[in-house]
> 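There's a structure below that I have some questions on.
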Amino acid sequence: MEQKDKINGYDLLAAGYNAGEILGLALSVLEEHFNTLSKEVALVLMKKVLTRPEDFLDDEVLEKLATKIIEAANRPADDTIALLNNVSDYTMYGAGHIEEGAKQQMSVAMKLPVAVAGALMPDAHQGYGLPIGGVLAVKNAVIPYGVGVDIGCRMALSVFDISEVHFFENQDMYKRELIAHTKFGAGHGFHGRYKADHAVLDNPAFNMTPFVKQLQDKAASQLGSSGGGNHFVEWGIIEFETSNEELNIASGKYLALLTHSGSRGFGATVAGHYTRLAKQLCKLPKEAVNLAYLDMDTAAGQEYWLAMNLAGEYASACHEIIHQKLTKAIGAQVLARVENHHNFAWKEFWNGEEVIVHRKGATPAGKGVMGIIPGSMTAPGFLVSGKGATSAINSASHGAGRQMSRTKAIQQISKAEMQAVLKEHQVTLIGAGLDEAPMAYKDINIVMDSQKELVDIIAKFTPKMVRMADDGSRED
DNA sequence: ATGTCC
């Protein structure tokens with residue numbers, strides 16, 4: 001028999017039920033057991049169950065519904081942001097030499113609801129969140145792990161008015177000064193009269209939050225230091241086959257200084273802090289948790305942006321100090337200087353709209369933009385000029401990339417093998433473990449071949465005297 | 001990458 005004034009789903013929604021399983025259960029209970037009640041009375045009852053479900057736990061008929069309502073109330077709200085199902089394409093360079101894990105990570109990144117475009121550079125390998133060698137453009141958001149732990153990590157090159165011959169004839173002096181003016185090792189910095197100074201320490205951005213402010217002293221102490229891992233300071237010979245107008249350099253060979261390091265403990269602490277914050281504010285499915293992003297229109301997003309830029313300036317200051325000290329120590333004139341960072345996010349334009357481009361271990365390679373792509377401690381590195389390839393989001397690789405993990409390299413490469421390679425290439429090495437051995441890296445020539453569409457080579461840099469952090473030990 | 005879990 002048709003009841004004219006029967007309660008329906010809309011009535012329950014109006015009464016405060018949320019669409020879903022509970023509403024469905026409520027409707028079926030009503031149909032089965034309260035069919036004879038007037039709509040008014042039924043609604044009062046259902047409201048009571050919803051507001052005081054604990055009162056119905058002994059009710060034979062309503063117990064199940066009451067339990068569901070209590071369970072739902074106790075369950076944390078599911079505020080997980082869903083990933084997109086349809087994966088947009090991204091471009092890969094040198095795909096044959098890129099490990100599967102890096103490709104998978106890039107695919108996940110492309111599923112972010114904020115993702116606009118992506119690309120994978122030929123030195124790509126797996127990292128946290130975005131792979132190293134990954135480029136990701138997103139809409140109005142910034143991903144702390146899309147930038148990486150070592151915010152603003154960069155290469156800096158100084159070309160000197162000094163001949164190859166002078167270097168080879170005075171290697172003891174170059175070695176002495178290299179050791180005297182550089183500082184390696186985790187946690188290490190300069191103390192007392194050896195502390196460096198730079199305007200970056202007075203940057204008002206240090207005052208933006210108590211969190212950033214508390215890092216200022218450590219930043220002051222570590223200013224001009226290099227850290228560990230794959231960071232280095234090295235003397236080498238740069239060769240320009242033709243003269244370069246932009247740098248005002250005549251063709252020929254010159255002594256050059258190449259440095260690779262980042263924002264030290266300061267940047268690492270900033271990265272850790274905002275990654276944690278992003279993970280709290282932006283819940284993503286398990287496979288994407290490390291891609292948590294901060295909305296650029298939020299205080300957290302703006303704070304990270306300012307702190308990231310400060311870390312970038314700090315990293316640049318570190319290189320500037322190293323180059324200044326060593327230039328003075330050897331009594332040289334700098335003929336040209338090139339610098340570029342590869343762990344950072346930039347505001348750029350993509351298809352006419354402003355996007356945030358993350359380059360995690362990728363070199364900016366906009367048209368005519370210069371950069372340095374190092375090989376290994378024995379393989380050449382290259383001074384390059386970007387070609388502005390759109391499908392690469394104006395990027396290139398930031399090095400050769402590893403072909404062996406650190407642990408694998410330590411297990412498989414012997415000290416004798418490493419020394420033989422160094423001798424063969426006439427490279428003096430100070431510090432470094434087997435995990436940084438040349439054999440642990442991909443062939444830079446293959447990597448350069450894979451990115452011919454992305455950069456033009458301007459000059460070749462050959463390392464001759466390399467300093468890196470000691471093998472897992474402390475150092476002063 | 002970083003004194004490698006605030």
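All values reported here derive from a predicted model rather than from experimental measurement. Each chain gets a letter, A, B and so on, in the order its sequence line appears, and its residues count up from 1.
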> Send over the distance from A:Ile132 CD1 to B:dT2 P, rounded to a whole Å.
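Distance check: A:Ile132 CD1 to B:dT2 P gives 13 Å.
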> Quick one about A:Asn203 and A:Glu313 (side-chain donor to acceptor, distance below 3.5 Å, no hydrogens or angles considered), yes or no?
yes
> Please determine if A:Glu164 and A:Lys464 form a salt bridge, counting it only when a charged side-chain N lies under 4.0 Å from a carboxylate O.
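The answer is no: the pair does not qualify as a salt bridge.
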> If you look at every strand shown and take non-hydrogen atoms under 4.0 Å, does A:Lys218 touch a base, only sugar-phosphate, or nothing?
sugar-phosphate
> Separation of A:Phe211 atom CZ from B:dC6 atom P, in whole Å?
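Between P of B:dC6 and CZ of A:Phe211: 10 Å.
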> Classify the ring geometry of A:His319 against A:His323: parallel below 30°, tilted from 30° to 60°, perpendicular beyond 60°.
tilted
> Please figure out whether A:Gln222 or A:Gln214 has its closest DNA chain B nucleotide nearer the 5' end.
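Residue closer to the 5' terminus by nearest nucleotide: A:Gln222.
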> Does any residue of residues 269-294 of chain A have a heavy atom under 4.0 Å from DNA chain B, and if so, which ones, in number order?
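Only A:Arg276 qualify.
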> What's the CG-P distance between A:Asp150 and B:dG3, to the nearest Å?
10 Å
> Which of parallel (below 30°), tilted (30 to 60°) and perpendicular (above 60°) describes A:His166 and A:Tyr174?
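Ring orientation of A:His166 relative to A:Tyr174: perpendicular.
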> Measure the distance from CD1 on A:Ile151 to P on B:dT2 and round it to the nearest whole Å.
12 Å
> In this structure, how many angstroms lie between the C1' atom of B:dT2 and the CG atom of A:Leu215, rounded?
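These atoms are roughly 13 Å apart.
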> Between A:His231 (NE2) and B:dG3 (C1'), how many Å, whole number?
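My rounded result for the distance is 16 Å.
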> Over all strands shown, is A:Gly227 touching base, sugar-phosphate only, or nothing at heavy-atom distances under 4.0 angstrom?
sugar-phosphate
> Please say whether the positively charged group of A:Arg402, taken as NZ for Lys or CZ for Arg, lies over the ring of A:Tyr441, i.e. under 6.0 angstrom from the six-membered ring centre and within 45 degrees of the axis.
yes
> Hey, could you give me each pair passing salt bridge (Lys or Arg N to Asp or Glu O under 4.0 Å) that has a residue in residues 368-390 of chain A? Not counting sequence neighbours.
A:Lys387-A:Asp456
> Would you indicate what A:Gly228 reaches in the nucleic acid, counting non-hydrogen atoms under 4.0 angstrom: base, sugar-phosphate, or nothing?
sugar-phosphate
> Taking only residues two or more places apart in sequence or in another chain, which ones pass side-chain contact (heavy atoms from CB on, under 4.5 Å) with A:Lys347?
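For A:Lys347, the residues satisfying side-chain contact (heavy atoms from CB on, under 4.5 Å) (neighbours in sequence not counted) are A:Met296, A:Trp305, A:Glu354, A:Ile356.
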> Assign A:Gly265 to base, sugar-phosphate, or nothing according to its heavy-atom contacts below 4.0 angstrom with the strands shown.
sugar-phosphate
